[in-house]
K.L.:
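Here you go, one structure.
Keep in mind that the numbers below use all heavy atoms, side chains included, and drop hydrogens, waters and symmetry copies. In what follows, chains are A, B, ... by sequence order, proteins preceding strands, each numbered from 1.
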Protein chains: 2
Amino acid sequence: MITIYDIAKKANVSAMTVSKVINQTGRISPATRERVQQVIEELGYIPNSNARSLVLQRTQMLSLLITDITNPFYTTLARGAEDAANQRGYRLLFSNSDEDYGKEKNYVETILSTRVDGVLFAPAGDRSLNHLKQLQERNIPFVILDRTVPGITSDVIAGDSREGALQLIRYLTNLGHRHIALVNGSSEVSTARLREEGYMEGLREAELPFDSGLILRTGYRDFSDEKGIDRLLAHQLKPTAIFAANNMLAIGVIRLLRKRGVRVPEDISVVCFDDLDLASAFDPFLTVAAQPAYDFGAIGMQMLIDRIEGKAPEQPQTVIMPSELRIRASASVPSE
Amino acid sequence: MITIYDIAKKANVSAMTVSKVINQTGRISPATRERVQQVIEELGYIPNSNARSLVLQRTQMLSLLITDITNPFYTTLARGAEDAANQRGYRLLFSNSDEDYGKEKNYVETILSTRVDGVLFAPAGDRSLNHLKQLQERNIPFVILDRTVPGITSDVIAGDSREGALQLIRYLTNLGHRHIALVNGSSEVSTARLREEGYMEGLREAELPFDSGLILRTGYRDFSDEKGIDRLLAHQLKPTAIFAANNMLAIGVIRLLRKRGVRVPEDISVVCFDDLDLASAFDPFLTVAAQPAYDFGAIGMQMLIDRIEGKAPEQPQTVIMPSELRIRASASVPSE
DNA sequence: TTGTAGGCGTTATCAC
DNA sequence: GTGATAACGCCTACAA
């Protein structure tokens, strides 16, 4: 392995001089600078960032922890985070918890042992509390992303789940729907709770009764609860519309409906939170409350770096991003 | 920061003993082992992996370099790679080059400075040659993923682009299509060349003439070449089918066709390489040659780790993954 | 402007 | 079974 000493020897200077050339610190004559740079070039020297981190107590590396890498919301968000990090001179370490507390725990350990300078953290749910506390104990700056966790005070960037859900329900009730089902994520996840609140509020506004038989609670990914769907469809007052609390749930719901010969939107309307960028691009089908995923990542990353670099206000900041109703074809007036 | 010395002091042993407990190396009495572990637990000590890497000359970290994080082919692949890496005790550093040689170059520098133990590398194209050579010079093991690069000999895992394309063209010609356009990626990318070969072979088999006016070459992502599409549509022998060389191109093509009032498949059939998992889940529309994305990642990662751990045969291995024709609705018999 | 000494947190080696 | 020492590659502080 080529070290700073190899460069030093070949350039007839000390290692320190080489270090100074690399980091542009201290004064050195143009002549030696030139010579050193030539040798660095020639030998293709690249500093060992582990050694550097060890002495600097800084890795110039950040972590992004997301909960589902196959969800386009998070991959778009990841690009925003990556772009922002790179722009400000940081490298980004991606981690993917798969909505699993166990994997999340492992990643937190990795994060801690890697000594990254900060974390943009999308918690799996309320039980992520301990993981976040662990970061706080070590004084690792972090920004909570997408979901809040009761018991933790920190910078947060999240969507307006309540309002977005309300918009969707309003849209459905305006179309004339009276029986609207909710297929939601786990109640352990803040966005699921808020979307349910928005749903309830929407019913209230339209003076519709709440019917717990129209609610199905599950996880945010890999939805395939056949029994649950059958239960909804068999409910005494069969729903004419379903609000899926995120895009992955909507996909599952529509797939299961089609499997049963139920047409969308002719027989049942479906709306959801989060867009499906790719699918929507060539087939504008799903009516959604879209969140600005890229900005979630980009702005969250800015907040994190500002915090790390001491450019943020002392008290924790909360940024709430609005969502946008995109009316397309998956919801229509109820058939009856 | 809690170090191994803090543990040592509190447990009344030397740092070495603590190290031995952590790494389960050397002999130590159950009593002290117990005591040390207790203190580790108590203080929540997590070893500094930078310091460890420095002395071990090994980071237990691997890089996955993909070219488009918004492409579901690559995110699914990423999950496969991640699962395999974690299973074998490695952490994974994701990087995303956006099909951009400049970004790729930066990531290679990062990889080199981080001293990862190996890289699963999807090259942006033939001009990635220098980047790969750089890795070879440093003796960083790597497996080339998805695309080959002339001039580099190494382990490779890739799809059968030629055969997959051939299948798609055969399918189209069997339906009766005589004028089939190709919207391809850059000729600098091996998969684009091979898919074009498959396309040509398919034409030959069906005894169709080759018509260069039916070929549009562009990049694999962000397709929006309006003029190019117009040129294809205005061609003297208007195509009745389009073969898009990957999923992202297909999306762009269909979007632009719809924008022009051209219906798919009624007016023009469209087929492509790679599936769109999410979109296909709830709307089985695109007829594709699907590649086993998860296995690309999982198997590629196994190859890489085998290579690193000296468990691979000496000479470089090449694994070619078959693709699978999935017939759905985006292609039908030609209208005329 | 340049170089020396010491230390960042960990582990391999080799004594005790 | 346990511990002292040196080393991994780099940078800060200080001296020349």
Side-chain angles (χ1 to χ4, degrees), chain A residues 1-37 39-40 43-61 109-117 138-140, chain B residues 1-37 39-40 43-61 109-117 138-140:
Chain A
M1 176 180 292
I2 304 166
T3 77
I4 206 169
Y5 285 97
D6 299 324
I7 307 299
K9 195 176 301 175
K10 188 144 185 187
N12 270 315
V13 292
S14 78
M16 261 332 293
T17 305
V18 178
S19 171
K20 282 171 186 157
V21 169
I22 293 170
N23 301 297
Q24 323 209 38
T25 153
R27 263 150 249 313
I28 51 172
S29 76
T32 54
R33 172 190 304 281
E34 181 91 6
R35 188 151 37 94
V36 169
Q37 259 162 351
V39 177
I40 288 176
L43 268 57
Y45 168 71
I46 293 180
N48 182 325
S49 63
N50 295 303
R52 180 178 254 171
S53 309
L54 202 55
V55 34
L56 291 182
Q57 303 284 37
R58 190 161 48 72
T59 56
Q60 211 66 15
M61 198 147 90
E109 293 229 340
T110 295
I111 283 167
L112 255 20
S113 87
T114 312
R115 306 305 200 250
V116 297
D117 297 342
R138 311 297 164 98
N139 292 313
I140 310 256
Chain B
M1 177 179 292
I2 304 167
T3 77
I4 205 168
Y5 283 97
D6 300 323
I7 307 299
K9 196 175 299 174
K10 189 148 187 185
N12 269 314
V13 292
S14 77
M16 260 332 289
T17 304
V18 178
S19 172
K20 280 171 186 157
V21 169
I22 293 169
N23 300 297
Q24 323 208 41
T25 152
R27 264 153 248 312
I28 51 173
S29 78
T32 54
R33 174 191 302 282
E34 181 89 7
R35 187 153 35 94
V36 168
Q37 261 162 348
V39 177
I40 288 176
L43 268 58
Y45 167 70
I46 293 180
N48 182 324
S49 64
N50 295 303
R52 182 177 250 169
S53 306
L54 201 56
V55 33
L56 291 182
Q57 304 282 37
R58 189 162 47 72
T59 56
Q60 211 65 15
M61 199 148 90
E109 293 229 340
T110 294
I111 284 166
L112 256 19
S113 86
T114 311
R115 307 303 200 249
V116 296
D117 297 342
R138 309 297 163 98
N139 292 313
I140 311 256

K.L.:
Listing time: all N or O pairs from protein to nucleotides 12-16 of chain D that are below 3.5 Å?
P.N.:
none

K.L.:
Reckon B:T32 has a side-chain N or O less than 4.0 Å from the OP1 or OP2 of D:dT2?
P.N.:
yes
K.L.:
D:dC10 C1' sits how many Å from A:I7 CD1, rounded?
P.N.:
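Those two atoms, CD1 and C1', are 13 Å apart.
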K.L.:
Figure out the NZ/C1' separation between A:K9 and C:dG3, and round it to whole Å.
P.N.:
16 Å
K.L.:
Round to a whole Å and report the spacing from CD1 of B:I4 to P of C:dC8.
P.N.:
14 Å
K.L.:
Using the salt bridge (charged side-chain N to carboxylate O under 4.0 Å, His left out) criterion, which residues pair with A:K10? Sequence neighbours excluded.
P.N.:
A:E42
K.L.:
Whole Å only: how far is the CG atom of B:N50 from the C1' atom of C:dC8?
P.N.:
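In whole Å, C:dC8 C1' and B:N50 CG are 10 Å from each other.
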K.L.:
Provide the closest heavy-atom pair for A:R138 versus B:L43 in the form atom of the first, atom of the second, distance.
P.N.:
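Smallest heavy-atom distance, with atoms named: NH2-O, 4.3 Å.
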K.L.:
Check whether any side-chain heavy atom of B:I4 lies under 4.5 Å from a side-chain heavy atom of B:Y45, and answer yes or no.
P.N.:
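Sidechains of B:Y45 and B:I4: in contact.
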K.L.:
Nearest whole angstrom, please: distance from the C1' of C:dT10 to the CE of B:M1.
P.N.:
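B:M1 atom CE is separated from C:dT10 atom C1' by 12 Å.
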K.L.:
Can you identify which nucleotide, out of D:dC10, C:dT1, C:dT10, has its nearest atom closest to the B:N48 side chain?
P.N.:
C:dT10
K.L.:
When the distance from CD1 of B:I40 to P of C:dT10 is rounded to whole Å, what number comes out?
P.N.:
10 Å
K.L.:
Does OP1 or OP2 of D:dG9 have a side-chain N or O of B:Q57 closer than 4.0 Å?
P.N.:
yes
K.L.:
Please give, in whole Å, the distance from C:dT10 C1' to B:I2 CD1?
P.N.:
16 Å
K.L.:
Expressed as a whole number of angstroms, how long is the span from B:R35:CZ to D:dG1:C1'?
P.N.:
12 Å
K.L.:
Does a nitrogen or oxygen in the side chain of A:T17 sit under 4.0 Å from OP1 or OP2 of C:dG3?
P.N.:
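The answer is yes; a side-chain N or O of A:T17 sits under 4.0 Å from OP1 or OP2.
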K.L.:
For A:N50 versus A:N48, what's the shortest heavy-atom pair and its separation?
P.N.:
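Smallest interatomic distance, heavy atoms only, reads N-OD1, 2.8 Å.
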K.L.:
Counting only heavy atoms not in A:E34, do more than 12 fall under 6.0 Å of its CD?
P.N.:
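No, the 6.0 Å shell around CD holds no more than 12 heavy atoms from other groups.
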K.L.:
Find out whether A:L112 and A:I140 are in side-chain contact, i.e. whether some heavy atom of one side chain is under 4.5 Å from a heavy atom of the other.
P.N.:
yes
K.L.:
Just compare D:dG1, D:dG9, D:dC10 and give me whichever is closest to any side-chain atom of A:Y45.
P.N.:
D:dC10
K.L.:
Do B:D6 and B:T3 make a side-chain contact, defined as non-hydrogen atoms from C-beta onward lying under 4.5 Å apart?
P.N.:
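Yes, their side chains come closer than 4.5 Å.
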K.L.:
In terms of the nearest nucleotide of DNA chain C, which residue is placed more toward the 5' end: A:S14 or B:I22?
P.N.:
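With A:S14 and B:I22 compared, the 5'-side residue is A:S14.
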K.L.:
Nearest nucleotide by nearest heavy atom, which residue falls closer to the 5' end of DNA chain D, B:R115 or B:A15?
P.N.:
B:A15
K.L.:
A:L54 side chain: which of C:dC8, D:dT2, C:dT10 is closest?
P.N.:
C:dC8
K.L.:
According to side chain to side chain donor-acceptor pair (under 3.5 Å), who are the partners of B:S49, at least two apart in sequence or on a separate chain?
P.N.:
none
K.L.:
Any base atoms under 4.0 Å from B:R52, or only sugar-phosphate, or nothing? Heavy atoms, all strands.
P.N.:
sugar-phosphate
K.L.:
With a 4.0 Å cutoff (strictly under), does any side-chain N or O of B:Y5 reach OP1 or OP2 of D:dG3?
P.N.:
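For B:Y5, the contact criterion (side-chain N or O under 4.0 Å from OP1 or OP2 of D:dG3) is not met.
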